[in-house]
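Remember, it's a predicted structure, so these values are computed and weren't measured experimentally. Position 1 is the first residue of the sequence; numbering continues from there.
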Amino acid sequence: SSAGSFKLSYYNEYKSYLRMISVFCALSPLGEVIIFKDFRHEFGRDVIEAFVDEIKRNNGRRVSPIVILKNKTYVSIYRGGLYFVAIVGVPNMSPIYLLESISRISDIIKDYCGTLNVKAIRANLFLVHELLDENMDYGLFQCLTTADLRSLVHYEPVVVHNIKEEVGFSPDAIFDLGLNFLNQMQISSNAATKPLAIGPQKQTEQRNEIFIDVIEKLNVTIEKSGQVSFAEIHGSIRLKSFLHGSPDLKIMLNRDLFVGSTPPEYNKKGAIVLDECCFHKCVNRELFSSDRTLHFKPPIGESIIFTYILTDKLKNPLPFRMSSQLSVDHKLKEVILNLKLKCNISSNRRCSCICLAIPFPYDVASVSSSDKTSHVTLAFPRLIQWQIPFMDGSNERSIVIKVKPAGSNLSTENIGPVSVLFECQSYTCSDIHINKLKVTEHRQNYMPYKWARSVTYGGNYTFTL
């Protein structure tokens with residue numbers, strides 16, 4: 001019996017060891033170490049140098065989420081212009097567990113700092129270290145939530161308004177744009193990037209409000225002929241709650257929203273049919289099945305309440321179409337690329353932060369363009385970027401790009417495909433939107449501010465040449 005209990009305790013201790021993180025770090029895109037937290041003192045501080053070298057070897061491209069360097073496993077995620085890295089020496093630790101742990105830690109840091117970028121982390125180093133100390137016990141993740149930590153954290157956050165460092169939209173910065181009130185009022189882009197209040201007095205003084213976003217990522221492939229060969233929407237409903245007390249929240253979505261298939265009476269009415277969907281654990285699913293309402297008590301901080309995938313019958317047109325023509329000027333030894341980009345959304349909408357990336361199969365010596373209002377650059381030896389600040393709906397932009405190869409190769413084969421990054425506010429291709437938002441609480445005169453917005457951004461949105 002004593003031998004059996006010893007084996008069981010040894011097994012449990014070994015199981016815990018397999019879930020321990022040795023080192024947690026946060027690095028800038030250039031490899032500068034912002035945070036270094038050594039929980040188990042198994043390695044020296046120079047253990048992060050191998051990952052820094054990996055960042056430099058990638059020349060601006062994202063490092064793989066899981067890399068093994070010098071018999072150590074580096075698991076990382078990239079959010080807000082930062083690499084969050086967990087380093088372990090155990091070869092058979094679950095990578096999914098590590099990725100989920102890092103993701104939750106970054107979410108908690110964002111809730112308490114307000115936004116996630118290099119400047120915010122530097123300004124709140126003491127707060128971030130306090131959060132890590134409370135969340136990790138000798139490298140073992142404690143699975144604490146934002147609400148759990150509220151009574152344990154004492155450092156006041158330093159408010160840093162978010163500044164976009166990249167062209168293109170990031171789902172980790174969903175509350176960094178302007179938001180629309182349900183009654184058509186507007187607030188500034190920094191309203192939702194405030195940190196959670198720490199301490200009972202500050203919590204009561206913080207404004208009673210909630211921010212909700214319908215976010216859609218488009219993965220699209222469009223052939224040279226203009227035919228759409230693949231179109232997929234990955235959508236989510238995200239919220240950031242600063243509500244007082246413990247209210248009930250009801251989000252009423254489209255009545256013609258179905259999952260899997262539609263009833264016969266809706267087949268001719270253009271219903272929205274989701275391939276699949278997933279709910280946060282706090283959502284009452286039965287109410288969604290009956291009247292398409294998400295009913296729940298909102299968690300404190302930022303969370304994803306509802307996710308969905310849609311691959312067929314998009315109700316609204318795709319934001320962009322493009323026509324292209326490739327030619328070669330043998331006299332000047334240049335490859336000439338003619339592009340015409342059209343914004344297909346309605347004229348009262350606008351797409352911004354547009355960036356077209358054009359890969360080449362060989363090194364490029366120089367690049368020039370005919371459009372002086374936009375920005376064409378050689379981002380890497382084999383990658384050209386065309387950046388457009390914004391485009392209003394129904395407008396077109398044309399450009400002639402002249403490329404001078406570094407060698408003698410003037411072939412137009414294997415150029416492309418062109419990938420497009422962008423963001424469109426108040427627009428979704430699925431037409432999923434919030435019809436009504438209701439917040440109820442037992443107290444009288446409970447009237448929080450409610451802010452909602454729809455955003456579409458380009459994921460893997462490509463055109464073949």
Side-chain angles (χ1 to χ4, degrees), residues 168-171 174 177-180 182 184 212-223 225-238 251-262 266-277 292 294 305-323 340-356 388 390-397 418-437 452-463:
F169 183 79
S170 168
I174 60 174
L177 306 172
L179 295 125
N180 298 323
L182 295 179
Q184 306 305 316
I212 301 179
D213 267 348
V214 179
I215 305 292
E216 290 192 349
K217 179 179 75 172
L218 294 181
N219 295 328
V220 179
T221 302
I222 302 177
E223 304 294 337
S225 60
Q227 181 180 356
V228 179
S229 59
F230 177 78
E232 183 179 67
I233 296 175
H234 287 252
S236 62
I237 296 179
R238 306 188 182 199
I251 302 175
M252 291 78 162
L253 303 176
N254 312 49
R255 296 288 298 177
D256 57 349
L257 179 63
F258 299 94
V259 181
S261 59
T262 58
Y266 274 94
N267 284 342
K268 296 182 180 180
K269 297 182 181 180
I272 303 170
V273 184
L274 305 179
D275 293 3
E276 56 185 87
C277 65
R292 301 301 176 264
L294 300 173
I305 297 301
F306 180 64
T307 60
Y308 57 90
I309 296 176
L310 190 151
T311 58
D312 193 18
K313 296 180 181 179
L314 308 186
K315 293 194 71 173
N316 292 329
L318 295 172
F320 289 102
R321 293 282 183 165
M322 191 185 77
S323 58
K340 181 184 288 186
L341 186 69
K342 182 177 181 181
C343 187
N344 271 343
I345 62 177
S346 58
S347 57
N348 61 339
R349 297 283 185 263
R350 170 177 286 188
C351 288
S352 57
C353 298
I354 305 163
C355 179
L356 282 74
I388 306 171
F390 64 87
M391 281 183 69
D392 292 324
S394 303
N395 283 2
E396 292 184 357
R397 294 289 294 267
V418 178
S419 59
V420 187
L421 296 175
F422 60 87
E423 61 187 50
C424 298
Q425 293 195 52
S426 304
Y427 186 82
T428 58
C429 287
S430 68
D431 199 34
I432 291 177
H433 56 271
I434 298 173
N435 284 332
K436 190 176 180 182
L437 178 60
R453 179 187 57 173
S454 298
V455 179
T456 295
Y457 73 99
N460 188 19
Y461 199 104
T462 60
F463 296 92

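Figure legend: cation-pi geometry between Arg350 and Tyr427 absent, as NZ or CZ is not positioned both under 6.0 Å from the six-membered ring centre and within 45° of its axis.
Nearest heavy-atom pair, Leu341 versus Met391, reported as atom, atom and distance to 0.1 Å: O-CE, 3.7 Å. Nearest approach of Cys424 to Ile345, heavy atoms of both residues: SG-CD1, 4.5 Å. Here the closest non-hydrogen pair linking Ser236 and Tyr308 is N-CE2, 3.8 Å. For Gly459 against Lys217, the heavy-atom pair with the smallest separation is CA-CG, 3.6 Å. The two atoms that bring Val420 and Ile354 nearest to each other are CG1-CG2, 4.2 Å, heavy atoms only. Closest approach of Cys429 to Thr456, counting heavy atoms only: N-OG1, 4.2 Å.
Of the possible donor and acceptor atoms, none in the side chain of Asn344 sits under 3.5 Å from a partner among the backbone N and O of Pro317.
Remark: His433 NE2 to Ile251 CD1 distance equals 13.5 Å, nearest 0.5 Å. Rounding to the nearest 0.5 Å places CZ of Arg255 at 8.0 Å from CZ of Arg292. Rounded to the nearest 0.5 angstrom, Phe390 CZ and Arg397 CZ are separated by 8.0 Å. Atom OG1 of Thr311 and atom CZ of Phe230 lie 7.5 Å apart (nearest 0.5 Å). We find the CG-CD1 distance between Leu253 and Ile237 to be 4.5 Å, quoted to the nearest 0.5 Å. Rounding to the nearest 0.5 Å gives a distance of 5.5 Å between OG of Ser323 and NZ of Lys340.
Disulfide status for Cys343 with Cys351: absent, SG atoms not under 2.5 Å apart.
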- For the pair Val220 and Thr462, evaluate side-chain contact (heavy atoms from CB on, under 4.5 Å) and give the outcome as yes or no after the intermediate values. CA-CA 6 Å; Val220 179; Thr462 60; over 6 Å; no

Pair Ile222-Gln227, side-chain contact (heavy atoms from CB on, under 4.5 Å): steps then yes or no: CA-CA 6 Å; Ile222 302 177; Gln227 181 180 356; over 6 Å; no

When you look at Ile432 and Ile272, which way does the side-chain contact (heavy atoms from CB on, under 4.5 Å) test go after all the steps?
CA-CA 8 Å; Ile432 291 177; Ile272 303 170; 4.1 Å; yes

| task | Show your reasoning for whether side-chain contact (heavy atoms from CB on, under 4.5 Å) applies to Leu294 and Ile305. | result | CA-CA 8 Å; Leu294 300 173; Ile305 297 301; 4.3 Å; yes

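Remark: aromatic rings of Phe422 and Tyr457 are distant, center separation not under 6.0 Å.
Ion pairing of Asp213 with Arg238 is absent here, as no side-chain N (NZ or NE/NH1/NH2) approaches a carboxylate O to less than 4.0 Å.
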